[in-house]
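The residues of the chain are indexed from 1 along the displayed sequence. Read the numbers this way: they start at 1 and go in the same order the structure lists the ligands and their atoms.
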Amino acid sequence: MDHKSIAIDGPSGAGKSTMAKQLARELGFLYVDTGAIYRTLGLFALERGVDPGQWTQVEPLLAQVSIRMDYGEDGLQHMYLGGKDVTEAIRRPEVSGAASKISAIPQVREFLMDMQRDMARSNSVVMDGRDIGTVVLPGADVKIFLTASPEERACRRCTELRQRGTPEDYEKVLSDIIERDARDSGRAAAPLKQAEDAVLVDTTDITLEESFSLLFRTVQENLK
Ligand code: DC
């Protein structure tokens, strides 16, 4: 069967996962959150007391780690680490930092590549991440680069944290975002960048609903 793939890349907090999930639902495709895979490995490093930025410390972990991903009855992607469901645990702020550091290691990216490509081989997917259009699925049917200004992303994140009952200081959230952007874009291995054939969707000045309409129209126009 001929499977379709839609690649959505962009910085953290641009609304990729919310929109990719909704898009996948509308199209009847599988939503694959690749950041969750890096987060699961980052969590493993933290659990083992390993510095996620040091390849010499991370290398032995790759032979020991067991990462699995499946879709529950709710249709949502669940991540398992050594058989334990870590879907919630990988959202903790310290895991975001660990994932960002571990994902800068080229051997780690290579190690997690097959898992991502296999998903697109056996399903029609909406896959989000940082290097999906450039490296993981360079032949994707549609490529989107979804972004918003760091300040707008920090605002959205603060609202989300407040609603969750775990408010954080705006300046701290903004500086974390800027730091993570610099690491994700500045690394040598598969840095975050817009693929040449990707369509840019900037959501800084538009609402979530408007962003989704724009995204959906763009995908429909480009999905042959
Ligand atoms: O999308 P996210 O915030 O859950 O991703 C967590 C980290 O993983 C992020 O700092 C960058 C990294 N990542 C990556 O390097 N490549 C991907 N395809 C997805 C995520």
Distance from atom 4 (O) of ligand 1 to nearest protein heavy atom, with residue and atom: Arg39 NE, 2.6 Å
Protein contact to atom 8 (O) of ligand 1 [nearest heavy atom, distance to 0.1 Å]: Tyr38 CB, 3.7 Å
Atom pair CG/CZ of Asp181 and Arg153 - distance to nearest 0.5 Å: 4.0 Å
Whether over 12 other heavy atoms sit under 6.0 Å from Glu110 CD: no
N/O separation below 3.5 Å, Arg130 to ligand 1: yes
Interfacing atoms of ligand 1 (cut-off 4.0 Å, heavy-atom, Asp184): 9 (C), 10 (O), 11 (C)
Glu94, CD atom: more than 12 neighbouring heavy atoms under 6.0 Å: yes
Atom indices of ligand 1, in the order listed, that fall short of 4.0 Å to a heavy atom of Ser100: 10 (O)
Rounded distance [0.5 Å steps], CZ in Arg91 versus CG in Leu43: 11.5 Å
Residue selection (non-hydrogen contact nearest atom 7 (C) of ligand 1) among Gly42, Ala14, Ala99: Ala99
Arg156 and Thr203: side chain donor to acceptor below 3.5 Å: yes
Interatomic distance, Ile67 atom CD1 to Leu112 atom CG [nearest 0.5 angstrom]: 5.5 Å
Distance-only side-chain donor-acceptor flag, Ser103 / Arg187, under 3.5 Å: yes
Residue of the set Lys193, Arg109, Lys143 for which salt bridge (Lys or Arg N to Asp or Glu O under 4.0 Å) holds with Asp131: Arg109
Selected option - heavy-atom contact closest to atom 18 (N) of ligand 1, from Val135, Thr34, Asp181, Ile105: Thr34
Test item: side-chain donor near acceptor, Ser100 and Arg180, under 3.5 Å: no
Ligand 1 contacted by Arg183 (non-hydrogen, < 4.0 Å): no
Subset of ligand 1 atoms that lie under 4.0 Å from at least one heavy atom of Gly129: 17 (C), 18 (N), 19 (C)
Within-cut-off N or O pair, Arg180 and ligand 1, under 3.5 Å: yes
Check: Arg109 N/O within less than 3.5 Å of ligand 1 N/O: yes
Numbered atoms and elements of ligand 1 in range of Asp131, under 4.0 angstrom, heavy atoms: 16 (N), 17 (C), 18 (N)
Nearest candidate to atom 5 (O) of ligand 1, where distance is taken over non-hydrogen atoms, out of Ser103, Ala189, Gly35: Gly35
Close N or O approach (Arg187, ligand 1; < 3.5 Å): yes
